[in-house]
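The block underneath contains the structure these notes are about, expressed in structure tokens.
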Amino acid sequence: MIHAFPCGTPALDFVGTLRARRNDEPTEKLASVADLDAWCAESGLLDGAPAPDAGDLRHAVELREAIYALVRARLLDRPLPAEAVGTVNRYAAHPPLTPVLTEAGWSRVGSAAQVLSQLAREAVEIVGGDAAALLRECGRPECTQVYLDHSRGRRREWCSMATCGSRMKAAAYRARRRAGVDA
């Protein structure tokens, strides 16, 4: 796997394909059509890869940035940017993935455009619904992953304990140790 899925929801994991947004040089995880193809397959939205083209990649980046603009507005308690609303609504209006029944259970089939529609629809539900109050951005300064805080007490600080939480706790431990040694 080349992509990470710490947020618990495909639309927010998709936003995370541009890592470390606040850095001078963020890390683009959708740098090629192959990256988008891999993200679609690894996300679990489809059983296989949809074989996107360069147009699908441009659309994916456009949608990702629109979703992030909406999430960021919710995080900062600001009005939703009209351009981002229009972009997400435009993608959400396209046909979503198609569920199909198989001998093994069920799966979804579709194109890259349908994956984007599915993500846009999920973003509409998150940003426009009660889940918007659960939106958080990772507390690790180098990370800008956004997630829904379903923790008891709503005090989750990191996108993932396995990555950012572990790093932050280790750094705090090292700082306490240094302070104890220096004191």
Side-chain angles (χ1 to χ4, degrees), residues 1-22 26-31 33 35-47 49-50 52-53 55-99 107-139 143-151 154 156 158-160 163-164:
M1 272 179 78
I2 62 171
H3 296 282
F5 299 89
C7 303
T9 175
L12 297 181
D13 285 323
F14 188 66
V15 167
T17 59
L18 183 63
R19 303 259 172 84
R21 287 174 179 272
R22 289 184 287 268
T27 303
E28 178 61 76
K29 301 301 279 185
L30 292 180
V33 171
D35 291 340
L36 176 59
D37 200 39
W39 190 91
C40 291
E42 292 171 13
S43 71
L45 290 175
L46 296 169
D47 280 345
D53 61 25
D56 293 323
L57 179 60
R58 281 192 309 280
H59 294 152
V61 171
E62 177 186 40
L63 177 61
R64 177 191 68 196
E65 294 309 305
I67 294 171
Y68 182 73
L70 297 175
V71 166
R72 189 84 179 133
R74 283 290 187 238
L75 287 168
L76 298 173
D77 200 27
R78 293 185 179 152
L80 298 176
E83 185 177 337
V85 168
T87 298
V88 169
N89 284 340
R90 187 174 75 247
Y91 284 100
H94 293 210
L97 294 168
T98 303
S107 67
R108 288 179 276 226
V109 296
S111 66
Q114 288 174 285
V115 169
L116 298 180
S117 177
Q118 193 84 22
L119 295 170
R121 288 164 183 253
E122 185 177 61
V124 166
E125 291 176 10
I126 291 169
V127 172
D130 293 340
L134 304 176
L135 284 166
R136 304 285 185 274
E137 190 168 43
C138 185
C143 184
T144 52
Q145 289 277 39
V146 289
Y147 59 90
L148 296 175
D149 183 2
H150 290 289
S151 69
R154 308 290 187 253
R156 182 173 154 192
W158 305 292
C159 61
S160 169
T163 55
C164 292

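We number each residue from 1, following the sequence as shown. All of these numbers come straight from a predicted model, not from anything done at the bench.
Within the 3.5 Å criterion, the main-chain N or O of L75 finds no donor-acceptor partner in the side chain of R78. A donor-acceptor pair under 3.5 Å is absent between the side-chain atoms of D37 and the main chain of V33, judged by distance alone. Judged purely by atom type and a 3.5 angstrom limit, E122 has no side-chain atom pairing as donor or acceptor with the backbone of T9. In this structure, the side chain of S117 engages the main chain of Y91 through a donor-acceptor pair within 3.5 Å. Panel note: side chain E65, backbone E62; no donor-acceptor pair is recorded below 3.5 Å. Remark: side-chain polar atoms of Q118 are paired, donor with acceptor, to backbone N or O of L97 under 3.5 angstrom. Judged by distance alone, with hydrogens and angles left aside, the side-chain atoms of R108 form a donor-acceptor pair with the main-chain N or O of L45 at under 3.5 Å. A donor-acceptor distance shorter than 3.5 angstrom exists from the side chain of R121 to the backbone of A92, with no hydrogens or angles considered.
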Side chain to side chain contact (heavy atoms under 4.5 Å, CB included), that's the test. Do R19 and Q145 meet it? Break it down for me. CA-CA 7 Å; R19 303 259 172 84; Q145 289 277 39; 4.0 Å; yes
Verify side chain to side chain contact (heavy atoms under 4.5 Å, CB included) between Q114 and H94, making sure each step is shown before the conclusion. CA-CA 7 Å; Q114 288 174 285; H94 293 210; over 6 Å; no
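Classification of the H3-W39 ring pair by plane angle, with boundaries at 30° and 60°, yields perpendicular.
Closest approach of A131 to L148, counting heavy atoms only: O-CD2, 3.5 Å. Shown here for L80 and R74, the closest heavy-atom pair between the two residues is CD1-NH2, 3.6 Å. Between P50 and A112, the closest heavy-atom pair is CB-N, 3.6 Å. Across all their heavy atoms, P79 and A73 have their closest contact at O-CB, 3.6 Å. In terms of heavy atoms, C40 sits closest to V115 at SG-CG1, 3.8 Å. Of all heavy-atom pairs between V127 and A132, the closest is O-CB, 3.5 Å.
Taking the side chain as every heavy atom from C-beta outward, P10 and L119 approach each other to under 4.5 Å.
L116 CG to H59 NE2: the interatomic distance, rounded to the nearest 0.5 Å, is 8.5 Å. One distance of note links CG of L63 with CG of D56; it measures 12.0 Å at 0.5 Å rounding.
Scored by the side-chain hydrogen bond (donor to acceptor under 3.5 Å, both in side chains) test, D47 finds S107 as partners (sequence neighbours excluded).
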Going by atom type alone, with no hydrogens or angles, which donor-acceptor pairs under 3.5 Å involve a side-chain atom of residues 11-18 and a protein atom two or more places apart or on another chain?
from: D13; atom 1: OD1; to: C7; atom 2: N; distance (Å): 2.7
from: T17; atom 1: OG1; to: F14; atom 2: O; distance (Å): 2.7
from: T17; atom 1: OG1; to: R64; atom 2: NH1; distance (Å): 3.1

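A salt bridge links R72 with E137; the closest basic N to acidic carboxylate O contact falls under 4.0 Å.
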